Amino acid sequence: MDVPNAQCDYMASPNILNFILSILIMLGILVSYFPQLVRIAMLRSSFGISPYFVLLGTTSGTFALANMVSQRQSLQDVACCKDVSGLACFAGLLGILQVATQLLSFFAILTLFVAFFPRESSTSPPLSPNEAKGPTYRTALVVAGICIVHAVIMLIVTLAVGFKQPSSLQSWSNFCGVTAAILASIQYFPQIYTTLRLQCVGSFSIPMMCIQTPGAFVWAGSLAARLGSKGWSTWGILIVTACLQGVLLVLAVFFEYLGPNKGHSHDYNKDTAPSQSDESNDAQDDDGPYEETPLLQDSR
């Protein structure tokens with residue numbers, strides 16, 4: 001596409017403050033998802049994480065990336081890369097890289113979510129009542145399949161629109177942005193419901209929410225400065241997401257530190273089931289002696 005020289009000249013001299021802020025935001029995205037990945041891996045369980053939260057988050061991220069790469073401003077930045085230096089090109093593409101980083105992080109969560117999803121086997125102990133009432137491992141596999149197929153379809157459609165109907169790219173971008181906003185708006189409701197039902201955070205990471213909730217507002221401001229009012233469908237997603245993240249963060253902190261099941265944040269069986277030593281002590285207590293037991297018992 002033909003790009004005005006003024007646009008490429010602007011890319012050739014990027015705003016240093018915005019460049020630094022964009023780098024920090026991209027690193028912040030990686031850091032914010034790291035606690036969640038580590039928590040699932042350390043606990044070797046994704047108990048407490050709603051599969052529908054993962055589904056909506058991943059598909060929303062896919063729509064958001066399609067929205068970002070099909071923005072007219074983003075296409076101009078990509079076209080200018082052949083006329084500017086490598087560093088200037090990198091600075092101009094940071095908005096796309098930020099959204100791509102978020103999507104890849106969610107796919108990493110999806111991978112660990114499926115790998116460590118609680119399920120029964122011949123050698124494992126029975127699932128807890130809370131786990132038995134929740135979604136099954138088959139649900140987790142279906143969610144993973146939908147996310148992968150959706151990402152492939154979005155890639156094909158975006159490329160097809162870009163090469164066959166370039167004049168429709170902005171309309172496609174707006175559609176993807178609105179859809180991403182809708183999915184992001186309802187993304188946290190399944191997780192909020194799951195947290196309320198279990199009355200614990202499970203494998204869900206509170207530090208992730210502590211980083212992402214204020215970070216989403218900062219990220220939205222950065223994208224708004226880069227894309228302007230025409231990019232409302234891109235940065236508006238983040239504002240909606242940040243508000244819902246705040247609600248989930250309040251619930252998670254309450255159940256983890258103040259609720260009736262505080263401290264019982266991961267495995268129902270480990271937290272509530274009596275240990276073998278407790279059972280043996282109870283058995284010994286059941287054998288007496290009691291007040292009614294004679295002092296001298298027949299040894300026969």
Side-chain angles (χ1 to χ4, degrees), residues 17-18 20-37 39 48-50 52-68 71 74 94-110 173-174 176-196 201-257:
L17 292 178
N18 193 42
I20 294 175
L21 179 61
S22 298
I23 289 290
L24 292 176
I25 290 174
M26 187 169 67
L27 294 176
I29 293 171
L30 286 173
V31 171
S32 69
Y33 282 100
F34 188 71
Q36 182 63 82
L37 297 172
R39 183 170 176 83
I49 300 178
S50 170
Y52 309 109
F53 162 76
V54 178
L55 172 64
L56 293 171
T58 307
T59 52
S60 174
T62 305
F63 272 115
L65 182 59
N67 163 260
M68 190 67 184
Q71 286 273 351
S74 299
L94 275 175
I96 297 176
L97 294 177
Q98 289 169 355
V99 180
T101 299
Q102 184 187 42
L103 177 59
L104 291 176
S105 298
F106 237 106
F107 263 103
I109 291 178
L110 172 65
S173 175
N174 290 336
C176 291
V178 171
T179 306
I182 293 173
L183 294 177
S185 298
I186 62 177
Q187 167 188 348
Y188 286 91
F189 286 110
Q191 186 59 51
I192 290 172
Y193 169 77
T194 298
T195 303
L196 286 171
V201 296
S203 300
F204 200 76
S205 174
I206 292 178
M208 179 182 72
M209 289 291 98
C210 290
I211 299 172
Q212 288 186 356
T213 301
F217 286 108
V218 177
W219 187 12
S222 175
L223 289 179
R226 180 186 299 272
L227 300 175
S229 59
K230 293 183 179 179
W232 63 268
S233 60
T234 300
W235 48 261
I237 305 170
L238 299 173
I239 295 179
V240 173
T241 301
C243 294
L244 292 175
Q245 282 176 330
V247 174
L248 181 58
L249 175 60
V250 171
L251 288 176
V253 170
F254 172 77
F255 287 124
E256 180 71 4
Y257 300 107

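All values derive from a computational prediction rather than experimental measurement.
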For the student: nearest non-hydrogen atoms of [X] and [Y], plus distance:
{"X": "Asn67", "Y": "Asn174", "result": "ND2-N, 4.3 Å"}
{"X": "Ser105", "Y": "Leu30", "result": "OG-CD2, 4.2 Å"}
{"X": "Ile96", "Y": "Ser74", "result": "CD1-CB, 3.9 Å"}
{"X": "Ser22", "Y": "Leu94", "result": "CB-CD1, 3.5 Å"}
{"X": "Phe217", "Y": "Cys243", "result": "CZ-SG, 4.2 Å"}

- Task: Could I get the full list of ring-ring contact (aromatic ring centres under 6.0 Å, His included) partners for Tyr52, not counting sequence neighbours?
- Result: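 Not a single residue meets the ring-ring contact (aromatic ring centres under 6.0 Å, His included) criterion with Tyr52.
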
Reported [atom1]-to-[atom2] distance for the pair [X] and [Y], which is rounded to 0.5 angstrom:
{"X": "Leu251", "Y": "Leu248", "atom1": "CG", "atom2": "CG", "result": "6.5 Å"}
{"X": "Thr213", "Y": "Leu244", "atom1": "OG1", "atom2": "CG", "result": "10.0 Å"}
{"X": "Ile206", "Y": "Ile211", "atom1": "CD1", "atom2": "CD1", "result": "12.5 Å"}
{"X": "Leu27", "Y": "Gln98", "atom1": "CG", "atom2": "CD", "result": "10.0 Å"}

- Mind checking what makes side-chain hydrogen bond (donor to acceptor under 3.5 Å, both in side chains) contact with Ser60, not counting sequence neighbours?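 Counting only residues at least two positions away or on another chain, Ser60 forms no side-chain hydrogen bond (donor to acceptor under 3.5 Å, both in side chains).
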
- Message: Using the side-chain hydrogen bond (donor to acceptor under 3.5 Å, both in side chains) criterion, which residues pair with Ser32? Sequence neighbours excluded.
- Response: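 By the side-chain hydrogen bond (donor to acceptor under 3.5 Å, both in side chains) rule, Ser32 matches Gln212.
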
- Query: So Phe204 and Arg39, side chain to side chain contact (heavy atoms under 4.5 Å, CB included) or not? Walk me through it.
  - Reply: CA-CA 8 Å; Phe204 200 76; Arg39 183 170 176 83; 5.8 Å; no

- Message: Please enumerate all residues that pass side-chain contact (heavy atoms from CB on, under 4.5 Å) together with Ala220, with sequence neighbours excluded.
- Response: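 So Ala220 forms a side-chain contact (heavy atoms from CB on, under 4.5 Å) with Trp235, Leu238, Ile239.
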
- Could you tell me which residues satisfy side-chain contact (heavy atoms from CB on, under 4.5 Å) with Leu104, sequence neighbours excluded, listed by chain and number?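 Listed in chain order: nothing, the list is empty.
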
- Item | Working for side chain to side chain contact (heavy atoms under 4.5 Å, CB included), residues Leu21 and Ile25 | CA-CA 6 Å; Leu21 179 61; Ile25 290 174; 4.0 Å; yes

- Could you please spell out the steps behind the ring pair (Phe, Tyr, Trp, His ring centres under 6.0 Å) verdict for Tyr193 and Phe53? CA-CA 10 Å; Tyr193 169 77; Phe53 162 76; over 10 Å; no

- Query: Per the side chain to side chain contact (heavy atoms under 4.5 Å, CB included) rule, which among Thr59, Thr58, Thr62, Thr101 passes with Phe106?
  - Reply: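 With Phe106 as partner, side chain to side chain contact (heavy atoms under 4.5 Å, CB included) holds for just one option, Thr58.
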
Using residues 180-190 as the side-chain source, report each donor-acceptor pair under 3.5 Å to any protein atom, sequence neighbours left out, with the distance given to one decimal.
from   : atom 1 : to     : atom 2 : distance (Å)
Ser185 : OG     : Ala181 : O      : 2.6
Tyr188 : OH     : Gln245 : NE2    : 2.7

- Query: Do any N or O atoms from the side chain of Gln102 and from the backbone of Gly61 form a donor-acceptor pair under 3.5 angstrom?
  - Reply: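 Pair absent, no side-chain N/O of Gln102 close to backbone of Gly61.
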
- Are there more than 12 heavy atoms of other residues, nucleotides or ligands under 6.0 Å from atom CZ of Phe107?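 Counting other residues, nucleotides and ligands, CZ of Phe107 exceeds 12 neighbours.
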
